[in-house]
Amino acid sequence: MLTSFHSRPGRRRFLAGAAAATATVLAPAPFVLARPAPIRIGVLLPYSGTYAMLGTAITDGMKLSLAQAGETLAGRPVEYIIVDSEASPQQAPQNTRKLVVRDRVDVLVGPVHSGVALAMAQIVGARGAPLMIIPNAGADALTRELCAPNVFRSSFSNWQTGYPCGKVMADDGHRSIVTITWRYAAGDEIMGAGAEHFEALGGRVIKHIRVPFPDVSFQAHLSEIASLAPDAVFAFFSGGGAVQFVRDYAAAGLKARIPLYGPGFLTEGVAGAQGEAADGIRSTMHYVDDLDIPVNRRFRDAYRDAYGREADVFAVQGYDTGTLIARSATAVDGDTSAVGDMAAALEGIRLEGSPRGAWQMSPAHNPTQTFYLRDVVDGRHRVLGVAAEALADPATGCTLA
Ligand code: PHB
């Protein structure tokens with residue numbers, strides 16, 4: 001044993017140590033076994049700002065899933081290391097390196113914001129480790145040209161959430177739209193996909209209005225929409241910004257004149273706070289509250305019991321993230337250094353137990369899933385039909401398959 005001069009133990013401590021060593025030798029086997037090291041799950045999600053409620057719902061959904069798995073994975077206890085992303089792309093590289101390099105997490109979960117995701121995935125994809133699961137951010141590139149063997153998504157691509165809505169607006173008989181959203185990857189891609197589909201079906205986009213993220217000063221834009229007088233408005237906002245936009249839209253007197261459409265995020269998790277202003281808004285999304293399948297009913301009950309709130313799509317994405325973590329960790333019997341084998345366990349996986357209904361991991365690591373047409377009645381989402389069955393992102397430029 002190497003003992004430096006300064007730290008040489010005194011006789012009393014040495015004896016105590018010897019006694020402990022003897023006790024260890026004599027102790028029955030269970031006391032000798034070291035407690036297995038925890039599996040450290042690094043979480044980079046927003047807990048402040050406009051997306052705070054999304055970060056909370058994802059975290060709660062993931063924790064519920066892993067609690068149901070017994071808080072241990074292949075015998076290793078689960079430990080969370082949680083960082084507030086503040087939905088800030090500027091801080092994303094530093095936050096990612098803290099979790100990956102300093103804290104050496106076994107699995108990385110995050111984020112909500114597409115810009116944060118692009119920064120994270122480039123770092124984690126280039127390192128080839130750890131396994132990263134994106135529980136929301138939809139940036140198309142993540143599962144297209146930037147796809148990586150160790151990066152998976154449990155949520156959606158932005159394209160998937162906007163594209164079906166283009167057809168809904170056309171089918172509802174609208175000929176012209178204005179799009180309005182925050183100016184960043186999610187807004188541009190969701191609006192772009194819906195508008196492209198709408199135009200392909202003969203519709204016309206009068207104007208794309210862009211607001212800096214996360215601004216909520218909508219008045220001038222609403223006046224402009226009133227004067228442009230499109231048949232419909234196609235909008236993406238989410239979280240706190242969606243509450244404000246939908247309320248302001250109704251307060252400006254536009255709701256009765258120009259129907260509002262969007263990806264489901266426009267009302268998801270916030271329909272209660274939007275009140276009457278949300279009633280009747282039609283949207284497309286890979287989840288609906290009242291999806292009448294046993295796994296969804298059980299999930300919603302368990303979530304309500306655990307947190308005293310209703311589940312939403314973000315909670316579902318968190319829950320499925322927990323399932324993916326559990327499947328990959330048990331596949332390697334808890335040896336999270338085997339990143340390639342963990343990833344292999346998720347290739348093409350079919351999640352039968354998802355509250356959104358069964359979905360399949362595409363070769364580009366993005367869910368292939370059904371999108372529903374829904375509306376809002378008294379603060380709750382109601383399923384009106386299927387907008388797109390088993391919709392896969394085009395995955396252009398991904399060379400994984
Ligand atoms: C995104 O930035 O990718 C994003 C954020 C919030 C949503 C959906 C997508 O509700």
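Each ligand, and each atom within it, is numbered from 1 in the order the structure gives. This one's a predicted model, so the numbers in the text were calculated from it and none came from an experiment. Residues: numbered from 1 along the sequence shown.
To the nearest 0.5 angstrom, Q369 atom CD is 5.0 Å from Q160 atom CD.
Taking a heavy-atom cut-off of under 4.0 Å, ligand 1 is surrounded by Y51, L54, V112, H113, S114, N136, A137, G138, F156, N158, Y184, A186, F236, S238, F265, F314.
For an aromatic pair to be called close, the ring centres must be under 6.0 Å apart, and Y372 with H381 fails this. In this structure, the ring of F265 has its center less than 6.0 angstrom from the ring center of F156.
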Show every donor-acceptor pair shorter than 3.5 Å between a side-chain atom in residues 216-227 and any protein atom, with sequence neighbours excluded, or say none if there are none.
from	atom 1	to	atom 2	distance (Å)
S223	OG	Q219	O	3.2
E224	OE2	K207	NZ	2.6
S227	OG	E224	O	2.9

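A salt bridge links K98 with D103: the distance from a Lys NZ or Arg NE/NH1/NH2 to an Asp or Glu carboxylate oxygen falls below 4.0 Å.
Classified by interplanar angle (parallel below 30°, tilted 30° to 60°, perpendicular above 60°), the ring pair Y51/H113 is tilted.
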